[in-house]
Amino acid sequence: MAYVKTVKATIQLDKLILSCKSQVDYGFIDAIIYDYNEIERSYMTFDKTTIIRDKNYKSAYKYCYKISYLNSPIAKLEFCYKGELSEYIKLTVLNHTFYDGSLYLIPEVLQELHLDVINISELHIALDSYKKDSTKLLYSCIRNENYKLKVNGDYVYNMDELINDIVYFHKGSRRKPNDIKTINVKSKKEDKEFTTYDKKLEIETKSKKGYILDYHRKFNPTYKNIYRNEVKLYSDAIYRKNKQLEDKG
């Protein structure tokens, strides 16, 4: 019998928010803000890219548009935070693009909308394991008196000391209310965080993102679990890391 090696884990992006600016002095953003006729238009087409006004979306931004490429939803566009005029435009890449192979189309969308990326506002990187339940492992390590625990550069020696930077979330049945655990660790500056949880269970009971399950079947058709380790980076942390790389380069 031939031995077929299966993938034990995958790593992929899970969230990407870009801060952008228009490449032209008077682009479609200015037209929407200042031209009443454009404000009333529900959609605009730019070659293969279409933006559709989402008036029902609840957001701190005054204007919100759905972006489609060849009629397929791919991103979301928001501007005028709390109604204030600004040259910055928020572009959120839709989650499914990281799993269905359509992420490569984002540069084309930016080009057709004449948008330049100024910085990355938020970036999530996910490591999904089919075997290792890292939540249980981390929980066990934290509770083990024989291990040294270091959180954000500081050792925690006292087993009874309150640790504010580690937050535990529990849910379950009436009989086992703490059966399902999620662990979240935030940096002191709150510009990055780490979360570990049962992703397959989260999909089945909450998010219903079946395309993520389809994605994992391509790598491991017989998987039974998806345990996620997720690193969330925000603009300040990303900027500092880029600066470090530039200094080294």
Side-chain angles (χ1 to χ4, degrees), residues 7-17 19 60 92 95 98-99 119-209 212-213 216 219-220 223-249:
V7 175
K8 295 181 180 179
T10 64
I11 186 168
Q12 59 278 323
L13 295 181
D14 188 70
K15 189 170 185 177
L16 178 62
I17 300 178
S19 179
T92 303
N95 185 254
F98 307 114
Y99 300 94
N119 58 54
I120 299 175
S121 301
E122 190 171 339
L123 177 69
H124 295 190
I125 304 170
L127 171 65
D128 291 338
S129 172
Y130 305 121
K131 296 291 185 180
K132 301 290 185 179
D133 187 343
S134 50
T135 305
K136 287 185 178 180
L137 178 61
L138 182 57
Y139 192 79
S140 175
C141 291
I142 292 172
R143 291 173 54 84
N144 193 323
E145 295 186 28
N146 296 318
Y147 290 169
K148 290 183 179 180
L149 178 63
K150 191 175 185 180
V151 183
N152 286 326
D154 299 322
Y155 283 104
V156 181
Y157 297 103
N158 188 345
M159 292 294 292
D160 297 316
E161 179 182 343
L162 177 65
I163 307 173
N164 291 314
D165 295 332
I166 301 179
V167 179
Y168 304 90
F169 300 94
H170 300 85
K171 65 179 179 179
S173 63
R174 291 177 62 186
R175 191 178 304 279
K176 296 181 179 180
N178 300 324
D179 191 39
I180 303 167
K181 299 178 177 64
T182 295
I183 302 177
N184 178 265
V185 185
K186 287 188 176 182
S187 66
K188 288 183 178 179
K189 295 181 179 180
E190 296 190 353
D191 57 357
K192 54 182 176 289
E193 57 185 286
F194 169 80
T195 307
T196 176
Y197 60 100
D198 188 328
K199 185 61 180 178
K200 182 172 179 287
L201 184 64
E202 186 272 337
I203 293 172
E204 294 173 342
T205 61
K206 187 178 179 181
S207 68
K208 307 298 182 181
K209 295 177 179 177
I212 296 182
L213 301 181
H216 283 293
F219 295 98
N220 190 331
Y223 79 86
K224 295 182 179 179
N225 301 292
I226 303 174
Y227 301 114
R228 171 157 292 190
N229 300 280
E230 191 167 14
V231 175
K232 302 177 181 179
L233 302 173
Y234 303 101
S235 55
D236 289 346
I238 296 170
Y239 173 80
R240 286 199 305 273
K241 188 61 179 178
N242 285 339
K243 191 69 169 61
Q244 291 175 1
L245 293 174
E246 288 175 0
D247 293 341
K248 288 182 179 179

Inset, instruction - Verify the distance criterion only: is there a donor paired with an acceptor across the side chains of N184 and T195 at less than 3.5 Å? - result: yes
Legend entry - Atom NZ of K224 with >12 non-hydrogen neighbours under 6.0 angstrom: no
Legend entry - Over 12 non-hydrogen atoms of neighbours within 6.0 angstrom of NZ in K171: yes
Legend entry - Reported CE-to-CG distance for the pair M159 and L149, which is rounded to 0.5 angstrom: 8.5 Å
Legend entry - Minimum heavy-atom distance A9-S129, with the two atoms named: CB-CA, 4.0 Å
Legend entry - Which atom of Y234 lies closest to which atom of E193, heavy atoms considered: OH-OE2, 2.8 Å
Legend entry - pair I212-N95: side-chain heavy atoms closer than 4.5 Å: yes
Inset, instruction - Go through the steps to decide whether K186 and D165 satisfy the test salt bridge (charged side-chain N to carboxylate O under 4.0 Å, His left out), and finish with yes or no. - result: CA-CA 5 Å; K186 287 188 176 182; D165 295 332; over 6 Å; no
Legend entry - Close side-chain approach of E122 to T92, heavy-atom, < 4.5 Å: no
Inset, instruction - Can you measure from CG (D198) to CD1 (I203) and round to the nearest 0.5 angstrom? - result: 9.0 Å
Inset, instruction - Could you label the plane-to-plane angle of the H216 and Y130 rings as parallel, tilted or perpendicular, counting under 30° as parallel and over 60° as perpendicular? - result: perpendicular
Inset, instruction - Determine, step by step, whether K209 and Y99 satisfy the side chain to side chain contact (heavy atoms under 4.5 Å, CB included) criterion, reporting the C-alpha distance in whole Å, the side-chain angles of both residues, the deciding distance to 0.1 Å, and the verdict. - result: CA-CA 10 Å; K209 295 177 179 177; Y99 300 94; over 6 Å; no
Legend entry - Side-chain H-bond candidate by donor/acceptor type, E230 with Y197, under 3.5 Å: yes
Legend entry - Residue of the set V231, T10, I11, T196 for which side chain to side chain contact (heavy atoms under 4.5 Å, CB included) holds with L127: I11
Legend entry - Shortest non-hydrogen contact from R228 toward S134: O-OG, 4.2 Å
Legend entry - Spatial distance of atom CG (N229) from atom CD1 (I125) [nearest 0.5 Å]: 12.5 Å
Inset, instruction - Could you grab the distance from atom CG of N178 to atom OG of S173, nearest 0.5 Å is fine? - result: 10.0 Å
Legend entry - Non-hydrogen atoms of N144 and N146 that approach each other most closely: OD1-N, 2.8 Å
Legend entry - Residues in side chain to side chain donor-acceptor pair (under 3.5 Å) contact with T182, at least two apart in sequence or another chain: none
Legend entry - All pairs passing salt bridge (charged side-chain N to carboxylate O under 4.0 Å, His left out) where residues 132-155 contributes a residue, at least two apart: D154-K188
Inset, instruction - Verify side chain to side chain contact (heavy atoms under 4.5 Å, CB included) between L233 and I120, making sure each step is shown before the conclusion. - result: CA-CA 9 Å; L233 302 173; I120 299 175; over 6 Å; no
Inset, instruction - Report yes if the side chains of Y168 and I142 come closer than 4.5 Å at any heavy-atom pair, otherwise no. - result: yes
Inset, instruction - Working to the nearest 0.5 Å, report the span between NE2 of H170 and CD1 of I183. - result: 7.5 Å
Legend entry - Heavy-atom closest contact (D191 atom, A237 atom, distance): O-CB, 3.4 Å
Legend entry - Value rounded to 0.5 Å, distance of NE2 in H124 from CG in L16: 10.0 Å
Inset, instruction - Determine whether F194 and L138 make a side-chain contact, defined as any pair of heavy atoms from C-beta on separated by less than 4.5 Å. - result: yes
